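Treat the numbers as computed from the prediction; the structure is a model and nothing was measured.
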Amino acid sequence: MKRPFAELVGTGRYVPEKVLSNAELEKLVDTSDEWIVERTGIRERRIAGPSETVAYMSKAAADQVLADADLGPEDLDAIILGTASPDRLLPSTACDLQALLGAKNAAAFDVSAACSGFIYGLSMAEGAGMARHVLVVGAERLSTITDYTDRATCILFGDGAGATLVRPGTDGTRGILAAYLKTDGTLAQLLYRPGGGGCHPPDQKLLTDRGYFITMAGREVFTSAVRSMTDACDQALQRAGLTGEQIDLLIPHQANIRIIEATAKHAEIPMEKVYVNIDRYGNTSAASIPIALDECVRSGRITAGMNMMLVAFGGGFTWGSLIVRW
């Protein structure tokens with residue numbers, strides 16, 4: 001087992017108050033509460049209002065982290081923000097967050113790794129050897145890029161933000177024990193946004209062909225997600241020198257309850273050791289793991305010395321995992 005370089009300190013989350021229930025979705029597309037719950041485990045998701053931008057939600061989560069860590073914005077050396085739904089293409093949302101926080105000493109940038117963005121961000125923060133305090137955020141406003149006429153995707157996505165702080169380990173026993181990141185860009189078109197960027201810039205056609213929104217080949221994505229998340233679990237456990245039995249809590253990306261169950265079964269981690277909140281929030285992409293992490297910390301589900309495994313899969317395809325001793 002390697003000596004931990006970086007530990008996680010403090011957590012925070014922000015979820016909008018507005019709830020979009022399965023019953024309300026029934027009015028928009030041909031679906032039902034029973035159909036959605038059976039296939040995904042989702043019962044409701046949160047939808048951001050006009051003023052609840054990605055930067056706004058990120059700041060709300062970041063403020064809680066700084067309070068937990070007894071730090072001020074000026075103590076931050078870097079800000080890494082994972083998002084697939086930035087407030088705008090230029091500048092990065094991390095720059096807007098840096099300005100909102102008043103973190104005048106921090107470098108700031110976005111990570112675009114879809115649902116794996118928070119895992120990628122934590123791994124990058126661990127490698128930031130010159131930085132003492134790195135704020136890592138996962139935040140999404142997926143409702144702005146969701147097609148509410150497409151039953152395959154509109155039942156899945158919600159909005160929210162979560163955050164934590166990464167700093168050098170203090171005692172050599174706590175922190176990030178292992179990390180694993182992987183990408184397969186050959187499968188990108190199974191889960192992507194066809195338009196809105198340089199290849200399909202904004203034009204009249206974009207408003208009619210719905211290319212601005214997320215599109216997904218559900219069956220193929222499900223298969224790839226299970227394969228990739230189980231791979232990520234195997235690799236992280238091997239690198240940490242641990243077994244599934246030694247993991248006290250698994251916090252997976254909240255994409256689909258069936259994917260979560262398959263991942264836990266493969267890692268030989270019983271579901272009572274798996275944190276699930278997909279029923280309340282849906283898939284919040286890069287925000288799902290940090291939101292769950294904060295809920296676990298504040299509810300007492302996580303205590304000092306516990307071994308946690310964080311694992312995610314997202315568009316790209318990207319996937320990754322971290323094993324953390326809290």
Worksheet item: Step by step, would you call His200 with Leu206 a side chain to side chain contact (heavy atoms under 4.5 Å, CB included)?
Response: CA-CA 8 Å; His200 185 176; Leu206 190 64; 3.6 Å; yes
Main chain of [Y], side chain of [X]: is a donor-acceptor contact present, judged purely on distance under 3.5 Å?
{"X": "Thr164", "Y": "Gly10", "value": "yes"}
{"X": "Gln246", "Y": "Thr243", "value": "yes"}
{"X": "Thr146", "Y": "Tyr148", "value": "no"}
{"X": "Ser321", "Y": "Val311", "value": "no"}
{"X": "Ser228", "Y": "Ala225", "value": "no"}
{"X": "Gln254", "Y": "Ser288", "value": "no"}

hydrophobic_cluster_shared for [Y] and [X], side chain cutoff 4.5 Å:
{"X": "Ile257", "Y": "Ile36", "value": "yes"}
{"X": "Ile278", "Y": "Val37", "value": "no"}
{"X": "Leu187", "Y": "Met229", "value": "yes"}
{"X": "Val65", "Y": "Leu322", "value": "no"}
{"X": "Tyr192", "Y": "Leu142", "value": "no"}

What pairs with [X] under salt bridge (Lys or Arg N to Asp or Glu O under 4.0 Å), at least two apart in sequence or on another chain?
{"X": "Asp68", "answer": "Arg298"}
{"X": "Asp231", "answer": "none"}
{"X": "Arg210", "answer": "Asp147"}
{"X": "Arg280", "answer": "Glu295"}

Worksheet item: Stepwise, does the side chain to side chain contact (heavy atoms under 4.5 Å, CB included) test hold for Glu261 with Met271?
Response: CA-CA 7 Å; Glu261 290 171 344; Met271 284 302 293; 4.0 Å; yes
Point-to-point distance, once rounded to the nearest 0.5 Å, from [atom1] of [X] to [atom2] of [Y]:
{"X": "Phe317", "Y": "Lys182", "atom1": "CZ", "atom2": "NZ", "answer": "13.5 Å"}
{"X": "Ile251", "Y": "Ile119", "atom1": "CD1", "atom2": "CD1", "answer": "9.5 Å"}
{"X": "Leu101", "Y": "Ile79", "atom1": "CG", "atom2": "CD1", "answer": "5.5 Å"}
{"X": "Cys115", "Y": "Tyr120", "atom1": "SG", "atom2": "OH", "answer": "12.0 Å"}
{"X": "Leu250", "Y": "Met309", "atom1": "CG", "atom2": "CE", "answer": "5.0 Å"}
{"X": "Leu122", "Y": "Leu310", "atom1": "CG", "atom2": "CG", "answer": "7.0 Å"}

Might you confirm whether atom [atom1] of [X] has over 12 heavy atoms from other residues, nucleotides or ligands at distances under 6.0 Å?
{"X": "Glu74", "atom1": "CD", "answer": "yes"}
{"X": "Glu26", "atom1": "CD", "answer": "yes"}
{"X": "Lys265", "atom1": "NZ", "answer": "no"}

Worksheet item: Under the salt bridge (Lys or Arg N to Asp or Glu O under 4.0 Å) rule, what pairs show up with a residue in residues 243-254, not counting sequence neighbours?
Response: none
Between [X] and [Y], is any side-chain donor less than 3.5 angstrom from a side-chain acceptor?
{"X": "Ser224", "Y": "Arg227", "value": "yes"}
{"X": "Ser285", "Y": "Glu140", "value": "yes"}
{"X": "Asp96", "Y": "Thr93", "value": "no"}

Minimum side-chain heavy-atom gap [X]-[Y] below 4.5 Å:
{"X": "Arg45", "Y": "Leu25", "answer": "yes"}
{"X": "Glu126", "Y": "Val134", "answer": "no"}
{"X": "Pro252", "Y": "Thr263", "answer": "no"}
{"X": "Leu97", "Y": "Lys59", "answer": "yes"}
{"X": "Leu165", "Y": "Leu71", "answer": "yes"}
{"X": "Leu8", "Y": "Trp326", "answer": "yes"}
{"X": "Thr149", "Y": "Leu28", "answer": "no"}
{"X": "Pro73", "Y": "Leu66", "answer": "yes"}

Practice prompt. Applying side chain to side chain donor-acceptor pair (under 3.5 Å), name anything that partners Ser58, two or more places apart in sequence or on another chain.
Written response: none
For [X] and [Y], which heavy atoms make the closest approach, and how far apart are they?
{"X": "Pro86", "Y": "Ala84", "answer": "CD-C, 3.4 Å"}
{"X": "Gly196", "Y": "Pro202", "answer": "O-CD, 4.2 Å"}
{"X": "Ile260", "Y": "Val276", "answer": "CG2-CG2, 4.2 Å"}
{"X": "Ser123", "Y": "Ala179", "answer": "OG-CB, 4.1 Å"}
{"X": "Ala178", "Y": "Arg239", "answer": "CB-CB, 3.8 Å"}

Worksheet entry | Set of residues satisfying side chain to side chain contact (heavy atoms under 4.5 Å, CB included) with respect to Glu24, sequence neighbours excluded | Leu20, Ser21
Practice prompt. Sequence neighbours left out, what passes side chain to side chain contact (heavy atoms under 4.5 Å, CB included) with Pro290? Give chain and number order.
Written response: Phe118
Discussion item. One pair to check against side chain to side chain contact (heavy atoms under 4.5 Å, CB included): Ile80 and Asp110. What are the steps and the verdict?
Written reply: CA-CA 6 Å; Ile80 303 174; Asp110 285 0; over 6 Å; no
Between side-chain atoms of residues 46-56 and protein atoms elsewhere (two or more places apart, or another chain), which donor-acceptor pairs fall under 3.5 Å?
| residue | atom | partner | partner atom | Å |
| --- | --- | --- | --- | --- |
| Arg46 | NH1 | Pro16 | O | 2.8 |
| Glu52 | OE1 | Gly49 | N | 2.6 |
| Glu52 | OE2 | Tyr14 | OH | 2.4 |
| Thr53 | OG1 | Tyr56 | N | 3.0 |

Worksheet item: Pick from Arg132, Lys104, Arg167: which one makes a salt bridge (Lys or Arg N to Asp or Glu O under 4.0 Å) with Asp77?
Response: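 Single salt bridge (Lys or Arg N to Asp or Glu O under 4.0 Å) partner of Asp77 among Arg132, Lys104, Arg167: Arg132.
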Only distances under 3.5 Å count here; give the side-chain donor-acceptor pairs of residues 212-223 to other protein atoms, sequence neighbours excluded, each with its distance to 0.1 Å.
| residue | atom | partner | partner atom | Å |
| --- | --- | --- | --- | --- |
| Thr223 | OG1 | Arg219 | O | 3.2 |

Item to complete: List the steps and the verdict of side chain to side chain contact (heavy atoms under 4.5 Å, CB included) for Leu177 and Val324.
Response: CA-CA 6 Å; Leu177 305 183; Val324 179; over 6 Å; no
Worksheet item: With clusters built from Ile, Leu, Val, Met, Phe, Trp and Tyr whose side-chain heavy atoms come within less than 4.5 Å, directly or transitively, what are the remaining members of the cluster of Val15, listed by chain and number?
Response: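 Answer for Val15: Tyr281, Ile291.
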Worksheet entry | Pairs where residues 33-42 contributes a residue and the test side-chain hydrogen bond (donor to acceptor under 3.5 Å, both in side chains) is met, not counting sequence neighbours |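 Residue pairs with at least one partner in residues 33-42: Asn22-Asp33.
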